[in-house]
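Structure, as structure tokens:
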Amino acid sequence: MVMRTLLAVVLLLAAPLLSATTAGAAPARETGPVALACNGYVALTYDDGPNAQFTRPLVSALRSAGARATFFDLGSRVQQQPQLTREVVQAGMWVGNHSWSHPYLTNLSAAAVAKELGDTQNAIRNATGQAPTLFRPPYGATNATVQTEARKLGLTQVIWSVDSQDWNGASTDAIVRAATGANAGGIVLMHASYQNTVNAVPRIVQGLAAKNLCPGRIDNTGRVVAP
């Protein structure tokens with residue numbers, strides 16, 4: 001009985017000290033940052049390839065950043081460098097039709113438009129084993145004739161919502177600002193032709209992630225969706 005009473009007294013005296021120690025203890029350390037969710041997707045697109053100087057570095061930069069993109073290639077260049085186009089597809093990227101010779105398609109007859117697009121379909125199919133389902137008219141110039149001929153080949157026309165101006169000598173900083181200004185569902189126009197564009201890749205992906213946006217895929221309806 002005496003021992004139990006003494007034990008109770010000791011516990012009562014120690015309780016405030018235990019509480020103070022607990023209150024002053026350092027909070028538990030977090031195990032690590034929580035990954036940001038993709039609350040929307042932005043399509044990164046690159047025109048005018050394949051390019052012997054810039055296509056491989058561009059694909060490498062995208063892969064290092066964990067991003068995938070759509071390359072709108074010219075049929076004449078695919079015919080000259082089919083291996084480059086194969087490598088783009090093998091790296092997990094998507095390839096679209098950007099015409100054979102980059103003309104203003106709106107200045108051509110229906111037959112000439114059909115040849116520009118059809119020959120490019122064949123070149124990309126021969127290089128990769130896959131026929132594109134997406135098409136971007138050079139300069140964004142389109143009309144009813146162009147769209148009709150594209151549909152005959154099973155192609156969905158894709159323009160853009162953000163022009164990076166890389167074709168106009170934009171700096172890496174300017175390209176990053178333009179691309180990261182895109183909203184969910186946006187499509188960014190860039191080109192597989194410039195070092196500044198290659199340099200911009202990691203910062204674009206980081207800037208989009210800061211907005212909970214991720215690089216996405218353009219589906220057959222022209223919407224930007226998860227890869």
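Quantities reported herein were computed from a predicted structural model and do not represent experimental measurements. Scope of the values below: all heavy atoms of this structure, side chains included, with no hydrogens, waters or symmetry mates. This chain uses plain numbering: 1 for the first residue, then up along the sequence.
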Practice item. Is it possible for you to say whether Met190 and Trp94 belong to one hydrophobic cluster, with membership spreading through side-chain heavy-atom contacts below 4.5 Å? Key: no
Exercise for review: Provide the closest heavy-atom pair for Leu105 versus Val113 in the form atom of the first, atom of the second, distance.
Suggested key: O-CG2, 3.6 Å
**Study point:** Heavy-atom pair of closest approach, residues Ala192 and Thr55
**Key:** CB-OG1, 4.3 Å
Review point. If you measure from CD on Glu149 to OG on Ser109, what distance do you get to the nearest 0.5 Å?
Key: 8.5 Å
Practice item. Determine whether Val198 and Val162 fall in the same hydrophobic cluster, where Ile, Leu, Val, Met, Phe, Trp and Tyr are linked whenever their side-chain heavy atoms lie under 4.5 Å apart. Key: yes
**Study point:** Minimum side-chain heavy-atom gap Leu58-Tyr46 below 4.5 Å
**Key:** yes
Point to revise | Min side-chain heavy-atom separation Asp166-Asn196 under 4.5 Å | key: no
Study note, to complete from the structure: Between the CG atom in Asn212 and the SG atom in Cys38, the distance rounded to the nearest 0.5 Å is 8.0 Å
Check your understanding: Judged by atom type as modelled, is there a donor-acceptor pair below 3.5 Å linking the side chain of Asn51 to the main-chain atoms of Gln53?
Key -> yes
Review point. Pick one: which of Val88, Asp73, Leu74 meets side-chain contact (heavy atoms from CB on, under 4.5 Å) with Pro50?
Key: Asp73
Review point. Where do Asn122 and Arg125 come nearest, in terms of heavy atoms and distance?
Key: OD1-NH1, 2.8 Å
Side chains of residues 215-227: which donor-acceptor pairs under 3.5 Å do they make with residues two or more places apart or in other chains?
from   : atom 1 : to     : atom 2 : distance (Å)
Asp219 : OD1    : Thr221 : N      : 2.9
Asp219 : OD1    : Thr221 : OG1    : 2.7
Asp219 : OD1    : Gly222 : N      : 3.1
Asp219 : OD1    : Arg223 : N      : 3.0
Asp219 : OD2    : Thr221 : OG1    : 3.4
Asp219 : OD2    : Arg223 : NH2    : 3.2
Asn220 : OD1    : Thr133 : OG1    : 2.9
Thr221 : OG1    : Arg223 : NE     : 3.4

Review point. Do any N or O atoms from the side chain of Asn97 and from the backbone of Leu117 form a donor-acceptor pair under 3.5 angstrom?
Key: yes
Check your understanding: Considering all heavy atoms of both residues, which atom of Leu44 and which atom of Leu208 are nearest to each other, and what is their separation?
Key -> CD2-CD1, 4.3 Å
**Study point:** Min side-chain heavy-atom separation Lys211-Asn39 under 4.5 Å
**Key:** no
Exercise for review: Indicate the ring-plane relationship of His102 and Tyr139, choosing parallel, tilted or perpendicular according to the 30° and 60° boundaries.
Suggested key: perpendicular
Review point. Can you tell if the side chain of His191 reaches within under 4.5 Å of the side chain of Thr197, non-hydrogen atoms only?
Key: no
**Study point:** NE2 on His98 to CD1 on Ile124, rounded to 0.5 Å
**Key:** 11.0 Å
Check your understanding: Where do Thr45 and Ile187 land on the side-chain contact (heavy atoms from CB on, under 4.5 Å) test, with the steps shown first?
Key -> CA-CA 7 Å; Thr45 68; Ile187 298 174; 3.8 Å; yes
Practice item. Identify the two heavy atoms, one from Gly40 and one from Ala184, that lie closest to each other, and give their separation to 0.1 Å. Key: CA-CB, 4.0 Å
Practice item. Please report the shortest heavy-atom distance between Leu134 and Leu155, naming the atom on each side. Key: O-CD2, 3.6 Å
Study note, to complete from the structure: Here the gap from Leu153 atom CG to Arg151 atom CZ, rounded to the nearest 0.5 Å, amounts to 11.5 Å
Review point. Can you tell me if Thr172 uses its side chain to pair, donor with acceptor, with the backbone of Ala200 under 3.5 Å?
Key: no
Review point. Under 4.5 Å between any side-chain heavy atoms of Arg203 and Asp173, yes or no?
Key: yes
Check your understanding: If you round to the nearest 0.5 Å, how far is CG of Asn199 from CD1 of Ile175?
Key -> 8.5 Å
Review point. Under 3.5 Å, is there a donor-acceptor pair linking the side chains of Arg77 and Gln80?
Key: no
Review point. So, the side chain of Thr120 versus the backbone of Glu116: is there a donor-acceptor pair under 3.5 Å, distance only?
Key: yes
Review point. How long is the gap from OG1 on Thr145 to CG on Asn107, to the nearest 0.5 Å?
Key: 11.5 Å
Point to revise | Within-4.5 Å side-chain heavy-atom neighbours: Phe71 and Val59 | key: yes
Practice item. Would you mind reporting whether Phe72 and Val158 have side-chain heavy atoms less than 4.5 Å apart? Key: yes
Exercise for review: Going by the side-chain contact (heavy atoms from CB on, under 4.5 Å) test, name the single residue among Val89, Val78, Thr70 that passes it with Val95.
Suggested key: Val89
Check your understanding: Any side-chain heavy atom of Leu189 sitting closer than 4.5 Å to one from Arg136?
Key -> yes
Review point. Is there a donor-acceptor pair closer than 3.5 Å between any side-chain N or O of Asn183 and the backbone N or O of Gly186?
Key: no
